[in-house]
Amino acid sequence: MKKLLTALALAATTLAVSAQAPATPASAPAAAAAAASAPAKAKTAQQEKMAHCNEEATGKAGDERKAFMKECLSAKRASQTDKMRTCNEQAKGKKGDERKAFMKTCLSS
């Protein structure tokens, strides 16, 4: 009798769980396609900084890499005003299209 009751309880639980499952297995690929078509989140400033420092640390290993990453990640980025001032100083003597091209490259780095 105990075995029969246990079997009935197990069967009832199995039926209840299967009733809650999605009716069609085709819904799983549709959900995956919807997730793939969603726009990727923009990187945060910290993530961009980490990616930049990681690229610059290529070729370093061990304690050297660890020290470099610590310094790189803790360094403050130059403000736009500081960048403009530095680029202007470096652009002295350049005129016209040459200066414009130089400033564009300098300010974007």
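Note that this is a predicted model, so its numbers are computed, not measured. Sequential numbering from 1 along the given sequence is applied to the chain's residues. Below, each value reflects all heavy atoms present in this structure, side chains not excepted, and no hydrogens, waters or symmetry copies.
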Is the CE atom of Met103 crowded by more than 12 outside heavy atoms at less than 6.0 Å? yes
More than 12 non-hydrogen atoms from neighbouring residues, nucleotides or ligands closer than 6.0 Å to NZ on Lys70, yes or no? no
Does Lys66 NZ have over 12 foreign heavy atoms under 6.0 Å away? no
Grab the two heavy atoms, one from Lys49 and one from Leu73, that are nearest each other, plus how far apart they are. NZ-O, 3.0 Å
Is there a salt bridge (Lys or Arg N to Asp or Glu O under 4.0 Å) between Asp82 and Arg85 once you walk through the steps? CA-CA 5 Å; Asp82 293 336; Arg85 186 176 296 125; 3.3 Å; yes
Taken to the nearest 0.5 Å, the spacing of Leu107 CG from Thr86 OG1 works out to 9.5 Å
Among pairs that include at least one residue of residues 50-59, which meet side-chain hydrogen bond (donor to acceptor under 3.5 Å, both in side chains), considering only residues two or more places apart or in two chains? His52-Glu56, Asn54-Arg65
Rounded to the nearest 0.5 Å, what's the gap from OG on Ser108 to NZ on Lys83? Could you check? 7.0 Å
Minimum heavy-atom separation for Cys53 to Phe68, with atom names? O-CE2, 3.6 Å
